[in-house]
Amino acid sequence: MEQNKTSKYFKYAIGEIVLVVIGILIALSINNWNQSRKENILAKNYYNRLLSDLKADKAYANRYISRVDSSLVLYDNYRKSYNKPNLSLAEIIQNLGTNDVNTFHIEYKTKTIETLINTGDLQILTPKIIDVITEYNGSKNQIEILARDNNEDVNDLLKNLALKGGVLLNIKNYPNQPELFKKLDFDDRIPDMIIAFESYVIWKQAVNRTSIKELTKINKTADSIIEIIKLELKK
């Protein structure tokens, strides 16, 4: 009789334990479901933010390319000016002045990828999207660094031109001042100034062409990422 009671109690205890375990498993399942749902909502929010950033990046790059293209057109026209034989010194100097002497900095303003990395939220995205946006972000950082370094080289060449008296190339600032030009040894300075200016514009336009090439690649990458994210949002 006592043995039957013990057996019944033991079975009852086992049943209670099983119910408790089942309850815990259900609670964990619900908690995991809630966590997964929250992560999915957050991921979709990030995907939409990434889409906005990628479109903004493309618009920024296209504006930059348009500005640089205009500078390249001016440079090409300047090169063509030498097709005319026996240019006078005044004509050469005037043609030099048609070049664009501005330097263009590349600095993307979008920050969603950096936010994902800094917060650790990057891991809630799919592995494929993590890979492509990480590589894309690296490419953006690289072109910014490259442009900054190249611009420093270009500005050094511009400083060299200034030191050689390049400011004097703007003859319009010194009308009818033969005595001044004589005192400044203008005629003797001209060859060095022209060489310095040529070095400056040639290097600057080489930098511009490199920037266009790299930004075009980055824009194509952005297009492919946009399509990948759109497909993920449809799931």
Side-chain angles (χ1 to χ4, degrees), residues 55-109 139-223:
K55 291 173 183 176
D57 285 349
K58 285 185 60 184
Y60 170 77
N62 287 333
R63 288 194 301 272
Y64 182 96
I65 290 171
S66 178
R67 291 174 63 198
V68 171
D69 272 336
S70 297
S71 180
L72 286 169
V73 168
L74 291 174
Y75 175 69
D76 289 340
N77 289 336
Y78 160 69
R79 299 306 308 169
K80 291 175 183 177
S81 71
Y82 282 100
N83 292 334
K84 180 182 176 181
N86 301 317
L87 288 170
S88 68
L89 182 60
E91 286 176 313
I92 292 173
I93 294 174
Q94 184 178 12
N95 292 337
L96 284 170
T98 63
N99 283 283
D100 182 4
V101 296
N102 295 310
T103 52
F104 305 111
H105 301 283
I106 298 177
E107 185 178 1
Y108 287 95
K109 302 297 184 182
S139 297
K140 287 203 306 179
N141 291 336
Q142 188 175 6
I143 187 62
E144 287 179 342
I145 293 170
L146 178 64
R148 183 168 61 248
D149 291 345
N150 284 338
N151 281 338
E152 287 178 0
D153 291 339
V154 168
N155 287 333
D156 285 342
L157 289 171
L158 189 59
K159 290 175 185 175
N160 181 54
L161 170 62
L163 291 173
K164 291 182 181 298
V167 67
L168 300 176
L169 289 174
N170 193 350
I171 290 179
K172 290 183 293 184
N173 288 343
Y174 306 91
N176 304 317
Q177 298 298 329
E179 188 64 27
L180 174 62
F181 279 101
K182 183 178 179 180
K183 293 289 185 182
L184 294 173
D185 297 324
F186 182 74
D187 289 342
D188 292 336
R189 289 172 179 262
I190 286 177
D192 284 343
M193 287 190 288
I194 291 178
I195 291 171
F197 195 94
E198 282 282 340
S199 299
Y200 165 72
V201 292
I202 288 172
W203 180 244
K204 179 175 181 288
Q205 299 312 331
V207 167
N208 284 340
R209 288 190 172 92
T210 299
S211 296
I212 289 176
K213 181 180 178 182
E214 294 305 315
L215 287 172
T216 301
K217 286 182 182 178
I218 291 173
N219 273 0
K220 288 181 179 178
T221 302
D223 283 332

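Reckoned from all heavy atoms, side chains included, excluding hydrogens, waters and symmetry mates. Remember, it's a predicted structure, so these values are computed and weren't measured experimentally.
Salt bridge status for Asp223 with Lys58: present, with a side-chain N to carboxylate O gap under 4.0 Å. Residues Glu107 and Lys140 are not paired through a salt bridge, judged by the lack of any N-O separation under 4.0 Å between the basic side chain and the carboxylate.
Heavy atoms of other residues, nucleotides or ligands lying less than 6.0 angstrom from CD of Gln142 number 12 at most.
Under a 3.5 Å cut-off, the side chain of Asn83 and the backbone N or O of Lys80 do form a donor-acceptor pair. Between the side chain of Asn99 and the backbone N or O of Val101 there is no donor-acceptor pair closer than 3.5 Å.
Counting only heavy atoms from C-beta outward, the side chains of Leu146 and Thr210 approach each other to under 4.5 Å. Using a 4.5 Å heavy-atom cutoff, the side chains of Ser211 and Ile106 are in contact. The side-chain heavy atoms of Glu144 and Tyr108, taken from C-beta on, include a pair separated by under 4.5 Å. When side chains are defined from C-beta on, Lys204 counts as touching Phe104, because their heavy atoms get closer than 4.5 Å. Within the 4.5 Å cutoff, side-chain heavy atoms of Ile92 are placed close to those of Tyr82.
Evaluation of the side chain to side chain donor-acceptor pair (under 3.5 Å) rule for Arg148 yields no partner, not counting sequence neighbours.
Scanning both residues, Asp153 and Trp203, for their nearest heavy atoms gives CB-NE1, 3.4 Å. The minimum heavy-atom distance between Leu87 and Ser81, with the atom names listed, is CD1-O, 3.5 Å. Closest of all the heavy-atom pairs between Asn151 and His105 is ND2-ND1, 3.5 Å. Closest of all the heavy-atom pairs between Tyr64 and Leu215 is CD2-CD1, 3.2 Å. Across every non-hydrogen atom of Ile202 and Tyr75, the tightest pair is CG1-OH, 3.3 Å.
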Verdict with supporting geometry, Thr98 and Asn77, side chain to side chain contact (heavy atoms under 4.5 Å, CB included) | CA-CA 9 Å; Thr98 63; Asn77 289 336; over 6 Å; no
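In this structure, the separation between CZ on Arg209 and OG on Ser71 is 9.5 Å, given to the nearest 0.5 Å. Atom CG of Asn219 is separated from atom OH of Tyr60 by 11.5 Å, given to the nearest 0.5 angstrom. Summarising the geometry, atom CG belonging to Asp156 is positioned 9.0 Å from atom CG belonging to Asn160; distances are rounded to the nearest 0.5 Å. Taking CD of Glu214 as the start and CD1 of Ile65 as the end, the distance is 11.0 Å to the nearest 0.5 Å. Distance check: Asn150 CG to Asn208 CG gives 9.5 Å after rounding to the nearest 0.5 Å. Annotation: the span from Ile212 atom CD1 to Lys217 atom NZ amounts to 13.5 Å, rounded to 0.5 Å.
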